[in-house]
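One structure is given here, and the rest of the page talks about it.
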Number of protein chains: 2
Amino acid sequence: MDGVREKIIDSAGRVFAERGYKSATVRQICQAAEANVAAVNYYFGDKEQLYLETVKQAHRRLTAQFPLPPWPKETEPAIKLNGFVSAMLARMIGGKAMPWEQQLMLREVLHPTNACRELVEEYFRPQLELLLSILSELLPSATPTHKQRQCAFSIIGQCLFYRIAGDIVEMMATKDDQSHFSIEQLADHITKFSLAAISETSTSEDHDSNAHPSTSLARP
Amino acid sequence: MDGVREKIIDSAGRVFAERGYKSATVRQICQAAEANVAAVNYYFGDKEQLYLETVKQAHRRLTAQFPLPPWPKETEPAIKLNGFVSAMLARMIGGKAMPWEQQLMLREVLHPTNACRELVEEYFRPQLELLLSILSELLPSATPTHKQRQCAFSIIGQCLFYRIAGDIVEMMATKDDQSHFSIEQLADHITKFSLAAISETSTSEDHDSNAHPSTSLARP
DNA sequence: ACTCAATTTAAACAGTTGTTTGAAACATTT
DNA sequence: AAATGTTTCAAACAACTGTTTAAATTGAGT
């Protein structure tokens with residue numbers, strides 16, 4: 001049996017994730033948790049401390065549910081990349097209803113609060129480091145770090161897009177599309193797209209030029 | 001001289017963009033516009049209609065400020081792609097402070113309201129169509145439409161990322177990075193990355209397989 | 001100067017917000 | 001059973017929300 005405290009955190013997670021910190025009301029939270037209005041202040045002091053506790057809990061559950069995958073020693077890096085992308089996509093738009101934990105984190109990314117700095121160090125940075133370690137096997141060892149990071153962000157950005165703009169994509173989708181936007185298909189596309197870009201990038205010479213806008217032609 | 005009505009819309013835009021619809025208060029808006037509290041209801045009826053009017057205004061200003069670029073007839077598609085990416089990045093993280101118009105649109109993307117459907121048809125879809133027309137020159141004509149769209153979304157996703165996760169990126173950045181994340185450098189990277197992926201993709205045979213999870217190995 | 005409509009204003013309204021309170025209900029120990 | 005500490009509850013609190021009202025102010029037009 002869940003204690004009242006835990007039940008409140010769970011309800012608070014859902015409500016905060018859906019409505020945001022300011023718009024969520026303690027009365028909604030307590031009603032969802034079948035608890036009295038005063039319970040929030042009794043167990044957590046005030047609304048903000050409940051929010052901080054909720055974000056921590058979200059981080060805890062996510063890292064428990066999606067541990068960093070321990071691949072066999074000599075797995076092909078391309079396989080690892082596909083696994084990473086699939087896992088990230090699954091977390092983003094996983095299954096049917098998005099778990100509130102992920103939704104809360106997304107809110108923190110978009111509009112960081114006090115609860116954010118801890119999340120960056122303990123959740124987002126390890127994920128980035130993992131991706132960078134995979135990329136380091138795919139890119140020439142001479143690749144400058146800032147280019148490695150740009151590639152990593154390009155990959156993450158492709159995944160994040162379907163979380164951010166999923167509703168808009170649906171509005172603009174044709175009947176034909178719908179069957180081609182499953183998680184597996186998207187992961188497949190993103191992996192291929194990125195692998196192609198990487199293998200090509202690694203052969204092109206980058207002179208780290210700053211006064212060389214390359215094919216600049218912003219908006220004529 | 002701005003009329004009161006226009007001044008209210010302008011203030012409302014800033015407040016709505018920063019705090020969201022629910023959290024923004026008409027008193028904050030009116031104070032910023034140096035108008036009386038009742039002015040909102042007098043000119044717009046209620047808060048929601050003011051919001052709708054504000055979103056419309058944002059769309060109007062953006063399309064005026066960033067018109068679809070009329071390239072010379074036979075411009076190289078790669079050049080067009082770079083222009084598209086640069087313009088999109090500039091709109092996303094342009095200059096110093098983001099204009100409230102863009103911020104409002106982003107909010108609609110992330111959490112669509114009643115004001116959204118019109119935006120999709122009149123603003124987002126034309127942008128997507130433009131990108132698709134550029135891609136059609138870069139991809140083999142036999143490329144299925146869903147694959148074209150996936151490529152388009154991969155490009156848009158890379159741009160969107162720096163808008164969405166810009167704060168987080170800064171938190172995780174090293175001193176080395178900072179000089180390598182200007183708009184031009186990012187546009188350069190994204191363009192090269194995507195061009196490489198596209199040219200590679202166009203050579204790979206896609207059998208449109210559904211029961212073929214390719215290199216599936218999600219999280220062992 | 002008078003009229004009449006459009007605009008602005010301060011005050012008030014009803015409803016919701018987070019939080020507090022003090023007594024009841026419960027559990028555990030003496 | 002009595003006493004003690006913990007948890008729940010309905011009610012109330014002050015502050016804030018969007019909205020309304022009715023009186024003031026303004027600005028032409030005659």
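Please read all numbers here as calculations on a predicted model, not as lab measurements.
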Does A:Y21 have A:K47 sitting over its ring (NZ/CZ under 6.0 Å from centre, angle to axis within 45°)?
yes
Figure out the CG/C1' separation between B:D46 and C:dG15, and round it to whole Å.
16 Å
Rounded distance (nearest 0.5 Å) linking atom CG of A:L135 with atom NZ of A:K80:
11.0 Å
Across all chains, not counting sequence neighbours, the ring-ring contact (aromatic ring centres under 6.0 Å, His included) partners of B:F124 are none
Report yes or no: does B:S133 contribute a side-chain atom to a donor-acceptor pair with the main-chain N or O of B:L130 at less than 3.5 Å?
yes
Which comes earlier along DNA chain D counting from the 5' end, the contact point of A:V4 or that of B:T25, where each point is its nearest nucleotide?
A:V4
From CD of A:E6 over to P of D:dT7, roughly how many Å is that when rounded to an integer?
12 Å
Hey, does the side chain of B:N36 come within less than 4.0 Å of C:dA10's phosphate (OP1/OP2), counting only N and O?
yes
Whole-Å distance between C:dA6 P and B:R5 CZ?
16 Å
Which whole-number value in Å describes the distance from A:K47 NZ to C:dT20 C1'?
17 Å
Can you check whether B:S154's main-chain N or O pairs, donor with acceptor, with B:Q158's side chain at less than 3.5 Å?
yes
Report yes if at least one side-chain N or O of B:Y42 is closer than 4.0 Å to OP1 or OP2 of C:dT7; otherwise report no.
yes
Looking at every strand, decide which applies to B:V40 at a 4.0 Å heavy-atom threshold: base, sugar-phosphate, or nothing.
nothing
Rounded to whole angstroms, how far apart are NZ on A:K22 and P on C:dT17?
12 Å
Considering every strand and a 4.0 Å limit on heavy-atom distances, what is the contact class for B:Y43: base, sugar-phosphate, or nothing?
sugar-phosphate
A:E101: which of A:R61, A:R14, A:R107 passes salt bridge (charged side-chain N to carboxylate O under 4.0 Å, His left out)
A:R61
Distance in angstrom units between A:E34 CD and D:dT8 P, rounded:
13 Å
Exercise answer: donor-acceptor pairs, residues 49-59 of chain A side-chain atoms, under 3.5 Å, sequence neighbours excluded:
unit_1 : atom_1 : unit_2 : atom_2 : d
A:Y51  : OH     : A:E108 : OE2    : 2.6
A:T54  : OG1    : A:L50  : O      : 2.7
A:Q57  : OE1    : A:R60  : NH1    : 2.6

So what does B:A38 touch, heavy atoms closer than 4.0 Å: a base, only the sugar-phosphate, or nothing?
base
Please tabulate the protein-to-nucleotide N/O contacts below 3.5 Å involving nucleotides 12-14 of chain C, giving atom names and distances.
none

